[in-house]
Amino acid sequence: MTYSISRSLRISLLGLCFTAACSSTPAPKSARDASPAAPVAKAEPPAQARSSDTSANVAIDDAILRACNIRSDEAYFPFDSSKLESTDVSPLSAVAKCFTGGALKGHSLKLVGRADPRGDDEYNMVLGQSRADRVGDALYRDGLGRGQMTSTSRGDLDAKGHDESGWTKDRRVDVLLGS
């Protein structure tokens, strides 16, 4: 009898651990990481990564905007999401068109996924990659070849927000002119 209770208990604990490990909710950073003891200055992204008036789910590099004559409005990824919004469709279609038959035909681009700092580091890297991949999928559907794109994640490494208004701007994908 003792054996079956121990075995049942072990199976229950194993199931509980498995359920917790598969949870889609990000693990919060530890209290040590969340303490505002001393603000850490993050490096300013290179000029190429900044985009004027286009910090959106899809933050398009100024060089691409100029070459392709694209205007992009502001919009950001919702918390814990890699879903593209309707405001992203037009700018992404214009980018794909420009890279397949326009001024940047034959050039490549780089997609850099980003996240706000509220999840743990590993979770934020995965979320940033998911966002970059989602943008890559949209560009691919609009005709851009997979070989013309590379994607990566910076997670929350360059995040600057300290509240919801700042965190909103941290959740994006930078679309950069490739090398």
Side-chain angles (χ1 to χ4, degrees), residues 24-29 33 40-68 70 72-85 87-100 102-162 166-179:
S24 63
T25 304
K29 291 191 174 193
D33 291 339
V40 177
K42 300 232 180 187
E44 182 73 16
Q48 178 184 13
R50 281 181 262 135
S51 42
S52 62
D53 301 322
T54 63
S55 297
N57 278 358
V58 181
I60 302 170
D61 184 358
D62 286 335
I64 296 172
L65 292 174
R66 284 189 303 272
C68 302
I70 298 172
S72 179
D73 296 323
E74 288 193 15
Y76 300 93
F77 283 102
F79 176 70
D80 193 29
S81 173
S82 60
K83 181 181 181 230
L84 289 172
E85 299 296 328
T87 55
D88 303 313
V89 174
S90 179
L92 285 176
S93 292
V95 167
K97 184 177 179 180
C98 184
F99 276 75
T100 57
L104 295 176
K105 182 178 181 175
H107 286 80
S108 63
L109 58 85
K110 183 176 182 179
L111 307 172
V112 182
R114 300 180 182 278
D116 70 39
R118 293 182 285 174
D120 68 28
D121 293 338
E122 182 179 350
Y123 177 83
N124 286 336
M125 290 300 280
V126 170
L127 183 57
Q129 187 64 54
S130 175
R131 289 174 174 159
D133 291 344
R134 190 65 66 104
V135 169
D137 291 345
L139 290 166
Y140 178 74
R141 282 191 303 274
D142 283 334
L144 192 64
R146 294 271 186 211
Q148 286 181 267
M149 299 179 272
T150 59
S151 68
T152 189
S153 175
R154 295 282 299 160
D156 65 357
L157 293 175
D158 302 316
K160 294 180 181 158
H162 300 287
W167 294 328
T168 296
K169 294 175 182 172
D170 291 332
R171 299 187 298 262
R172 67 181 191 279
V173 173
D174 293 334
V175 179
L176 308 171
L177 194 55
S179 50

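Remember, it's a predicted structure, so these values are computed and weren't measured experimentally. Only heavy atoms go into these numbers, but all of them, side chains included; no hydrogens, no water, no symmetry mates.
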To the nearest 0.5 Å, how far apart are [atom1] in [X] and [atom2] in [Y]?
X      : Y      : atom1 : atom2 : value
Asp62  : Ile70  : CG    : CD1   : 11.5 Å
Cys68  : Ile60  : SG    : CD1   : 8.5 Å
Leu157 : Asp121 : CG    : CG    : 7.0 Å
Arg118 : Leu127 : CZ    : CG    : 11.0 Å
Leu177 : Leu65  : CG    : CG    : 11.0 Å
Leu104 : Phe99  : CG    : CZ    : 4.5 Å

Point to revise | Test item: Trp167 side-chain N/O and Gly161 main-chain N/O as donor-acceptor pair under 3.5 Å | key: yes
Practice item. Using modelled atom types only, decide if a donor and an acceptor are shared between the side chain of Asp174 and the backbone of Asp61 within a distance under 3.5 Å. Key: no
If you define the side chain from C-beta out and look only at heavy atoms, does anything of [X] sit under 4.5 Å from [Y]?
X      : Y      : result
Tyr140 : Met149 : yes
Asp156 : Arg114 : no
Lys105 : Thr100 : no
Ile64  : Cys98  : no
Thr150 : Leu111 : no
Gln148 : Leu109 : no
Leu139 : Val135 : yes
Asp137 : Arg141 : yes

Review point. Do you know which two heavy atoms are closest between Val112 and Ala132, and how far apart they sit?
Key: C-CB, 4.5 Å
Point to revise | Which atom of Arg172 lies closest to which atom of Lys169, heavy atoms considered | key: NH1-O, 3.0 Å
Salt bridge between [X] and [Y], side-chain N to carboxylate O under 4.0 Å?
X      : Y      : answer
Asp133 : Arg131 : no
Lys97  : Asp142 : no
Asp170 : Lys160 : no

Review point. Passes side chain to side chain contact (heavy atoms under 4.5 Å, CB included), Val89 versus Ser93? Steps please.
Key: CA-CA 6 Å; Val89 174; Ser93 292; 4.2 Å; yes
Check your understanding: Does the side chain of Gln129 come under 3.5 Å of the side chain of Ser151 through a donor N or O and an acceptor N or O?
Key -> yes
